[in-house]
*Asks:* 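Below is a structure I'd like to ask you about.
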Protein chains: 2
Amino acid sequence: MVSQAEENYLKAVFAISEKEGKSATTNAIAATMQTTAASVTDMLKRLADKNLIAYEKYRGVLLTPDGRRIATELIRKHRLWEVFLLEKLGFAWDEVHELAEQLEHVQGDALVDRLDAYLGYPKYDPHGDPIPDAQGRWTLRQQVPLVTLQPGERGTVTGVQDHSSAFLQYLDQLGLGLGVEVEMLERIPYDQSARVRAAGKTELMLSEKVCQNLFVKTN
Amino acid sequence: MVSQAEENYLKAVFAISEKEGKSATTNAIAATMQTTAASVTDMLKRLADKNLIAYEKYRGVLLTPDGRRIATELIRKHRLWEVFLLEKLGFAWDEVHELAEQLEHVQGDALVDRLDAYLGYPKYDPHGDPIPDAQGRWTLRQQVPLVTLQPGERGTVTGVQDHSSAFLQYLDQLGLGLGVEVEMLERIPYDQSARVRAAGKTELMLSEKVCQNLFVKTN
DNA sequence: AATTATTTTTAGACTAGCCTAAAAATTGAT
DNA sequence: ATCAATTTTTAGGCTAGTCTAAAAATAATT
């Protein structure tokens, strides 16, 4: 049996180590879990005892196949619940994360799979992040930060890098949801901001920060 | 903040004490929670400290208004999730309880209320039990155990007393789901079993136990 | 009413998960 | 290569929640 606390640590390790293939350090885990390094060390020992991580003192950790499977299932559940909350219950995309953090810990294989079917086997969540299927396979998407588009190039909004409420609400305000078509009109050399046409009509000024945190698929 | 363990105790106290208006004893709570009397005493102290129960040593406990509100909200969440699992995800009525036990602990008022709306504000769960509304009000139903019907009387199945899988699966097998019309044909004096017509055609032999655990609304 | 049986509480111990403060190991800089 | 800075681990302690065994209170029986 894996406790909720253990599950959350596995997710943190996944998020950190899987990003670059390099092992997750104690401090990095403590930062994402908002706890102390000492607590992390405690938990790493427990997870290593259960063969969910490969742990060498002072050397950071990597997930074992078992640990990776559990982390992947958690991400699958989290993102499916996010789709449910948005599509079925009508929550906004900046409201779904916290609830999904709770719902992802509900145990029951049949539940996840039925939910998946009910939602029509979505491949991406409301933030554009890929949803692993029942076998843990990911469908990665060809996407780049908006900042890489050259003037004249067009793309479609497919996801975000920053998942904060502040960013998501700002995007809502700008009308920049998933699926919106954008065209890079001009890059301002002075501050790296960009003039962009959205949805074929609105013209927007976007800061460099926004352009770095918004993913588009070029078309 | 109320922990999941505390929530479960409040539900148990509600289930025991609210049934007869009499206070719940330590042993009764231990039995429904599948734990020891010592653990119950510990928890009762904590709940009393939080003013969720009125606790007098050796005298059993009653819920305070705060405790009753929390218990009612839990039952509301539990039963709404049960409706969701059955109606939307297609689970059978003997499979929904365990999952709802987990889902009921997910925190978030907006979630419950949106779920309620999404399901069309149902008044009864898949077992025929009433679902409290957002203000904690119950819609009680006029129903009697099938065993009380006289030969010739008719009724509609509205709920069950026994929630066990064994009973629910047997009812499925007999075709006795909620809403099915039944007519009492004959009571067998020898063993108190009954000959019943279901859905206007099938003739069934039901033991006294079944007749006691099945609720009907006479029409 | 006194004794026995039952119920409930207390006492003490255990685990999971967290903390702070101090020690140990590693990394970086000269 | 040594010393300083940083990171990580250890040591010890805390709370919530559970347990067993023993003590105390209540209920039942004669």
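Throughout, a chain's letter reflects where its sequence line sits, starting with A, and its residues are numbered from 1.
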*Asks:* Using whole Å, report how far CD of A/Glu56 lies from P of D/dT7.
*Replies:*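 After rounding, the gap between these two atoms is 20 Å.
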*Asks:* Return no unless some side-chain N or O of A/Arg46 is found under 4.0 Å from OP1 or OP2 of C/dG17.
*Replies:*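 Yes, A/Arg46 has a side-chain N/O under 4.0 Å of OP1/OP2 on C/dG17.
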*Asks:* Send over the distance from B/Asp42 CG to C/dT9 C1', rounded to a whole Å.
*Replies:*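 Checked: the CG to C1' distance equals 9 Å.
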*Asks:* Taking only side-chain N and O atoms of A/Ser39, does any of them lie within less than 4.0 angstrom of OP1 or OP2 on C/dG17?
*Replies:*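 For C/dG17, neither OP1 nor OP2 has a side-chain N or O of A/Ser39 closer than 4.0 Å.
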*Asks:* If I take atom NZ in residue A/Lys45 and atom C1' in nucleotide D/dT8, what distance separates them, rounded to the nearest angstrom?
*Replies:*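 Going from A/Lys45 (NZ) to D/dT8 (C1'), I get 11 Å.
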*Asks:* Where the side chain of A/Thr36 is concerned, which of C/dT7, D/dT9, C/dT20 is the nearest nucleotide?
*Replies:*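 When the side chain of A/Thr36 is considered, C/dT20 is the closest of C/dT7, D/dT9, C/dT20.
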*Asks:* Could you state the atom-to-atom distance from CG of A/Leu44 to P of C/dG17 in whole Å?
*Replies:*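 Distance, rounded to whole Å: 13 Å.
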*Asks:* Please confirm whether the shortest side-chain N or O distance from B/Thr35 to OP1 or OP2 of D/dC19 is below 4.0 Å.
*Replies:*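 B/Thr35 to D/dC19 OP1/OP2: side-chain N or O found under 4.0 Å.
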*Asks:* Angle between ring planes, B/Trp81 versus A/Trp81, binned at 30° and 60°: parallel, tilted or perpendicular?
*Replies:*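 It falls in the perpendicular class, over 60°.
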*Asks:* Main chain of B/Gln107, side chain of A/Gln102: is a donor-acceptor contact present, judged purely on distance under 3.5 Å?
*Replies:*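 Side chain of A/Gln102 to backbone of B/Gln107: a pair is present.
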*Asks:* Between atom CG in A/Leu47 and atom P in C/dC18, what is the gap in whole Å?
*Replies:*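 Going from CG in A/Leu47 over to P in C/dC18 covers 11 Å.
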*Asks:* Rounded to whole angstroms, how far apart are CZ on A/Arg59 and C1' on D/dT7?
*Replies:*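 So the two atoms are 12 Å apart, to the nearest Å.
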*Asks:* When you match A/Met33 and B/Ala28 each to their closest nucleotide on DNA chain C, which lands nearer the 5' end?
*Replies:*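 In this pair, the answer is B/Ala28.
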*Asks:* Taking the side chain of A/Tyr58 as its heavy atoms from C-beta onward, which of C/dA24, C/dT8, C/dC18 lies nearest to it?
*Replies:*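 Per side-chain heavy atoms of A/Tyr58, the pick is C/dA24.
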*Asks:* Assign B/Gln4 to base, sugar-phosphate, or nothing according to its heavy-atom contacts below 4.0 angstrom with the strands shown.
*Replies:*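 Result for B/Gln4 = nothing.
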*Asks:* Mind running side-chain contact (heavy atoms from CB on, under 4.5 Å) on A/Leu146 and A/Phe215 for me, showing each step along the way?
*Replies:* CA-CA 6 Å; A/Leu146 176 56; A/Phe215 287 127; over 6 Å; no
*Asks:* Report the distance from atom CG of B/Asn8 to atom P of D/dT18, rounded to the nearest whole Å.
*Replies:*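 Atom CG in B/Asn8 sits about 9 Å away from atom P in D/dT18.
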*Asks:* Closest to the A/Thr26 side chain: D/dG17, C/dT20, D/dT8?
*Replies:*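 Of the candidates, D/dT8 comes closest.
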*Asks:* Which of these nucleotides, C/dT7, C/dC19, D/dA27, is closest to any side-chain atom of B/Asn27?
*Replies:*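 Nearest nucleotide to the side chain: C/dT7.
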*Asks:* Could you tell me whether B/Ala38 contacts a base, only the sugar-phosphate backbone, or nothing, with contacts defined as non-hydrogen atoms closer than 4.0 Å?
*Replies:*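 Base, at least one base atom sits under 4.0 Å.
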*Asks:* Could you check whether B/Ala5 gets within reach of a base, just the sugar-phosphate, or nothing at all, counting any heavy atom under 4.0 Å?
*Replies:*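 Since only primed, P, OP1 and OP2 atoms lie under 4.0 Å of B/Ala5, the category is sugar-phosphate.
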*Asks:* Under 4.0 Å between a side-chain N or O of B/Thr25 and OP1 or OP2 of C/dT7?
*Replies:*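 No, outside the criterion.
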*Asks:* Please report the distance, rounded to the nearest Å, between CE in A/Met43 and P in C/dC18.
*Replies:*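 Between P of C/dC18 and CE of A/Met43: 5 Å.
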*Asks:* Among D/dT8, C/dC18, D/dT18, find the nucleotide with the atom closest to the side chain of A/Thr41.
*Replies:*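 For A/Thr41, the side-chain atoms sit closest to D/dT8.
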*Asks:* Quick check on D/dT10: is either OP1 or OP2 less than 4.0 Å from any side-chain nitrogen or oxygen of A/Lys57?
*Replies:*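 Yes, A/Lys57 has a side-chain N/O under 4.0 Å of OP1/OP2 on D/dT10.
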*Asks:* Just compare D/dG17, C/dC18, C/dC19 and give me whichever is closest to any side-chain atom of B/Glu6.
*Replies:*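 The answer is D/dG17, which lies nearest to the side chain.
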*Asks:* Determine whether the aromatic ring centres of residues A/Phe84 and A/Phe91 are separated by less than 6.0 angstrom.
*Replies:*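 Not close enough - the centres of the two rings lie 6.0 Å or further apart.
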*Asks:* Taking the side chain of B/Tyr55 as heavy atoms from C-beta outward, which of D/dT18, D/dT8, C/dT9 is closest to it?
*Replies:*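 The nucleotide sitting nearest to the side chain is C/dT9.
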*Asks:* In terms of ring plane angle, is the pair B/His97 and B/His78 parallel, tilted or perpendicular, where the classes change at 30° and 60°?
*Replies:*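 Rings of B/His97 and B/His78: tilted, 30 to 60°.
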*Asks:* Rounded to the nearest 0.5 Å, how far apart are CG of B/Leu111 and CZ of B/Arg114?
*Replies:*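 Between atom CG of B/Leu111 and atom CZ of B/Arg114 there are 9.5 Å.
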